[in-house]
Every structure is written in structure tokens, then in C-alpha cells.
There are 2 protein chains.
Amino acid sequence: MRLSRAGEYAVRCMLYLSMAGKGVLVRRKTVAREMDIPEQFLGKIAQQLARAGLMEIVQGAKGGFRLMVFPEELTLLAVVEAVIGEIFLNDCVLRPESCHRSPDCKVHQVWTEARDRFRESLQKATFASLMDCR
Amino acid sequence: MRLSRAGEYAVRCMLYLSMAGKGVLVRRKTVAREMDIPEQFLGKIAQQLARAGLMEIVQGAKGGFRLMVFPEELTLLAVVEAVIGEIFLNDCVLRPESCHRSPDCKVHQVWTEARDRFRESLQKATFASLMDCR
DNA sequence: ATAAATAAGATCATTTTTATCCTATATATA
DNA sequence: TATATATAGGATAAAAATGATCTTATTTAT
């Protein structure tokens with residue numbers, strides 16, 4: 001079980017935009033080259049990040065990407081979930097039928113709590129704090 | 001991102017064996033039927049659980065599975081990781097090269113901590129406590 | 001108008017996951 | 001000891017998810 005490649009690319013992309021600063025336009029080609037991301041694939045990922053309101057895509061000549069939030073407000077959780085969807089939205093571990101008969105299923109509870117803890121950790125991490133990474 | 005089907009099956013299987021009790025032999029066919037698991041596939045999963053020392057497989061006529069630990073000592077984490085491997089053993093989110101140049105990479109740290117928290121939650125959940133699930 | 005840059009749908013390739021088939025092996029018991 | 005029963009384990013197939021690219025369309029600066 002691991003973070004998907006798309007998730008990694010998204011983080012790299014947002015890290016690069018964070019270093020450039022909120023509102024600063026950066027060409028897609030530059031992000032792709034500098035952060036080692038296939039450019040077309042980055043295009044797809046960018047669409048998801050833009051839909052989530054995290055960045056803006058500017059078309060046309062001199063187009064590119066632009067961070068829409070302050071790195072201080074941008075969390076690892078927001079970026080990752082924008083791309084790979086809600087983390088651990090799992091079908092119940094028990095049989096589906098027996099499960100929706102019991103909303104108080106213990107397995108389900110444990111799983112949910114574990115997920116919440118995980119998300120909390122990622123939510124605490126802002127890109128401002130991640131940028132120091134070198 | 002979700003738990004794999006194999007992981008779900010493993011939990012269901014161990015839950016059934018827990019209800020039978022440690023050391024009690026249960027036929028594979030019975031587990032498969034009762035817990036809604038493809039029997040051959042269960043065979044594969046059982047091998048992994050057996051290798052991890054969580055259960056024993058008995059061959060031959062009157063063969064089957066047998067729980068090797070007390071439900072009080074069996075954790076959700078042990079079962080899940082026996083089947084799907086270490087959780088979140090992710091390649092670094094940053095470029096691999098830049099990453100192994102910096103063992104103090106912030107992204108890596110956050111990710112590692114989030115994973116640890118997640119595993120803690122699953123480790124606290126014993127099958128004895130999960131059995132109440134109905 | 002033209003050139004440069006991204007959008008978006010289609011498509012392809014790869015990998016992972018899920019599942020099954022088949023032959024071998026182990027074991028209870030007749 | 002022979003037979004029937006049950007699981008082991010390797011090979012393989014089918015399906016799904018993921019990763020990546022191709023092509024055409026659209027947008028925008030100059």
C-alpha cells in the first residue's frame with residue numbers, strides 16, 4: 001500500500017509553486033522539467049488541483065500555473081486528496097450486507113479512527129513548513 | 001486509496017477463526033462459505049497468514065485452518081500487514097535522488113509520522129475486541 | 001493572423017489485483 | 001495399503017487501476 005505516483009507528482013508540483021510564491025505564474029514546462037514529471041501527465045493532475053481551488057491554470061501563450069493559496073494555508077492533505085480522492089474510503093471489512101445492518105461494527109470503527117488519525121497528521125503539515133526540504 | 005480485497009478477506013477469515021477460538025480447527029470450505037470468500041483465493045491468503053505465524057494450515061482429509069494466537073493478542077495491524085505488506089512504505093514524495101541526499105526531508109518526515117499514527121490505531125485493535133461485531 | 005501554451009478526450013501500455021486451473025502432496029480411514 | 005478428501009503451490013488468466021501519451025481544440029499574447 002503506497003501513495004500513487006500521481007499523488008507524488010501533485011506534491012512536487014505544489015512544492016515548486018509554493019517556492020515561487022502565491023499568485024506567481026510558472027510555466028507548466030518548467031514545473032515538469034524541474035520536478036521530473038511527465039508534462040502531459042502533469043496537465044491531468046493540474047486539472048484536479050485546479051478544480052480543488054488550490055491552483056489556477058492560465059491558458060494561451062505565456063500561460064502556466066499559479067498557486068491560489070498561501071503556502072501557510074496549503075496542507076499536504078488537501079493536495080493528496082485532491083488527486084487520489086478521500087483517503088481510505090474503504091468498503092467495510094466485513095461483508096457489505098452484514099455491515100450496513102450494523103452501523104456500530106467494531107472493525108469499521110477502528111478503521112475510521114485510524115483514517116482520521118492519518119488525515120490529521122497530513123493536515124498539520126503546511127507547504128510553508130515543507131519548503132525547507134532540500 | 002483503500003484496503004485491498006485481499007486485506008478484507010484476511011480480516012474476515014481471522015475474525016471467523018477468532019470466534020471459533022485459538023487452536024480450533026475449521027475447514028477452509030466453511031470459512032470461505034460463511035465469510036463469503038472465494039475458496040481458492042482464501043487458500044493463497046491463508047498461506048500468507050500462516051507464514052506470519054498467525055494461523056496454521058492442516059493438510060489432508062479433515063484438514064483446515066487453526067488460529068495460533070489468542071484473539072486478545074491478535075491485532076488488526078498484524079493481519080493486514082501480513083497480507084498487504086508494510087503499510088505506506090512509499091517511495092519519497094520528492095525526487096528519489098534529491099531525497100536520499102536529504103535524510104531530513106520534511107515531506108518524508110510528515111509522511112512517516114502519519115503512517116506511524118495509522119499503524120498505532122490498527123495495533124490497538126485486537127480481534128477479541130472486534131468479535132463483538134455483528 | 002500567428003505562434004505559443006494549455007485543455008480535454010481518446011487511447012494505449014503497464015502494473016496490480018483478483019481469481020481460477022491444474023497437478024502435487026498430505027492425511028484420515030476403510 | 002488403497003482410497004477419498006482436503007489443502008499446497010505454481011502457472012495462468014481476467015479484470016481493474018494506474019501511468020503515460022497522442023491528437024485535436026481552444027485560449028491568449030504579440
Side-chain angles (χ1 to χ4, degrees), chain A residues 1-13 16-17 25-33 35-52 55-68 80 82-91 93 95-96, chain B residues 1-13 17 25-33 35-52 55-68 80-91 93 95-96:
Chain A
M1 201 187 224
R2 54 178 268 283
L3 180 63
S4 72
R5 191 66 69 90
E8 285 187 28
Y9 289 161
V11 175
R12 286 188 209 174
C13 171
Y16 194 80
L17 295 185
L25 192 114
V26 183
R27 291 206 300 157
R28 184 176 78 176
K29 188 180 303 185
T30 305
V31 177
R33 175 169 29 82
M35 299 309 268
D36 234 333
I37 308 172
E39 196 183 338
Q40 305 273 2
F41 195 22
L42 174 58
K44 299 296 180 194
I45 294 165
Q47 286 170 32
Q48 297 179 278
L49 293 169
R51 249 179 257 128
M55 56 169 263
E56 191 181 55
I57 300 176
V58 179
Q59 279 201 43
K62 302 239 171 175
F65 302 154
R66 162 187 292 153
L67 190 63
M68 292 300 281
V80 168
V83 172
I84 68 176
E86 192 181 355
I87 289 181
F88 308 127
L89 181 61
N90 68 302
D91 339 338
V93 182
R95 288 174 293 171
Chain B
M1 199 186 223
R2 54 178 268 282
L3 181 63
S4 71
R5 191 68 69 89
E8 286 187 29
Y9 289 160
V11 175
R12 287 189 209 173
C13 170
L17 295 186
L25 192 114
V26 183
R27 288 208 301 157
R28 184 175 78 177
K29 188 180 302 184
T30 305
V31 177
R33 172 169 30 81
M35 299 308 269
D36 234 334
I37 308 172
E39 195 183 337
Q40 305 273 1
F41 195 24
L42 174 57
K44 301 296 181 193
I45 294 164
Q47 285 169 32
Q48 299 180 279
L49 293 169
R51 252 179 255 127
M55 56 169 264
E56 191 181 55
I57 300 175
V58 178
Q59 281 202 40
K62 304 241 172 175
F65 303 154
R66 163 186 292 155
L67 189 63
M68 292 301 280
V80 169
E81 290 203 334
V83 172
I84 69 177
E86 193 180 354
I87 289 181
F88 307 128
L89 181 60
N90 68 304
D91 338 340
V93 181
R95 289 173 293 171

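Residue numbers begin at 1 in each chain, while the letters A, B, ... track the order of the sequences.
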Report, one line per pair, each donor and acceptor closer than 3.5 Å where one atom sits in a side chain of residues 56-68 of chain B; sequence neighbours left out.
unit_1	atom_1	unit_2	atom_2	d
B:E56	OE1	B:R66	NH1	3.0
B:R66	NE	B:G23	O	3.2

Interatomic distance, [X] [atom1] vs [N] [atom2] [rounded to whole Å]:
X	N	atom1	atom2	result
A:I57	C:dA7	CD1	P	4 Å
B:L25	D:dT5	CG	P	18 Å
B:Y9	C:dT17	OH	P	14 Å
A:K44	C:dG9	NZ	P	7 Å
B:L42	D:dG9	CG	P	14 Å
A:Q48	C:dA7	CD	P	12 Å
A:Q40	C:dA5	CD	C1'	11 Å
B:I84	C:dT15	CD1	C1'	17 Å

Establish, with yes or no, whether the OP1 or OP2 oxygen of [N] is under 4.0 angstrom from a side-chain nitrogen or oxygen of [X].
X	N	result
A:S4	D:dA17	no
B:R27	D:dT5	no
B:R28	D:dA6	no
B:R5	D:dA16	no
B:K62	D:dT5	no

Kindly compute the distance separating [atom1] ([X]) from [atom2] ([Y]), expressed to the nearest 0.5 Å.
X	Y	atom1	atom2	result
A:T30	A:L17	OG1	CG	10.5 Å
A:K44	A:F41	NZ	CZ	10.0 Å
A:Y16	A:I37	OH	CD1	11.0 Å

Set of residues satisfying side chain to side chain contact (heavy atoms under 4.5 Å, CB included) with respect to B:Q48, sequence neighbours excluded:
B:R51, B:V83

Touch class at under 4.0 angstrom, heavy-atom based, for B:A6 against every strand present:
sugar-phosphate

With sugar-phosphate meaning primed atoms plus P, OP1 and OP2, does A:E56 contact a base, only sugar-phosphate, or nothing at under 4.0 Å between heavy atoms?
nothing

Quick one: which protein N/O atoms are closer than 3.5 Å to N/O atoms of nucleotides 24-28 of chain D? Pair and distance per line, please.
unit_1	atom_1	unit_2	atom_2	d
D:dT26	O2	A:Q59	OE1	3.4
D:dT27	O4'	A:Q59	OE1	2.9
D:dT27	O2	A:G60	N	3.3
D:dT28	O2	A:A61	N	3.4

Heavy-atom check, side chain of A:I45 versus side chain of A:C13, under 4.5 Å
no

Which of A:K29, A:R28, A:R33 passes side chain to side chain donor-acceptor pair (under 3.5 Å) with A:E39? Answer is A:R28

Counting side-chain heavy atoms from C-beta on, which of C:dT18, C:dT6, D:dT7 comes nearest to B:E39?
D:dT7

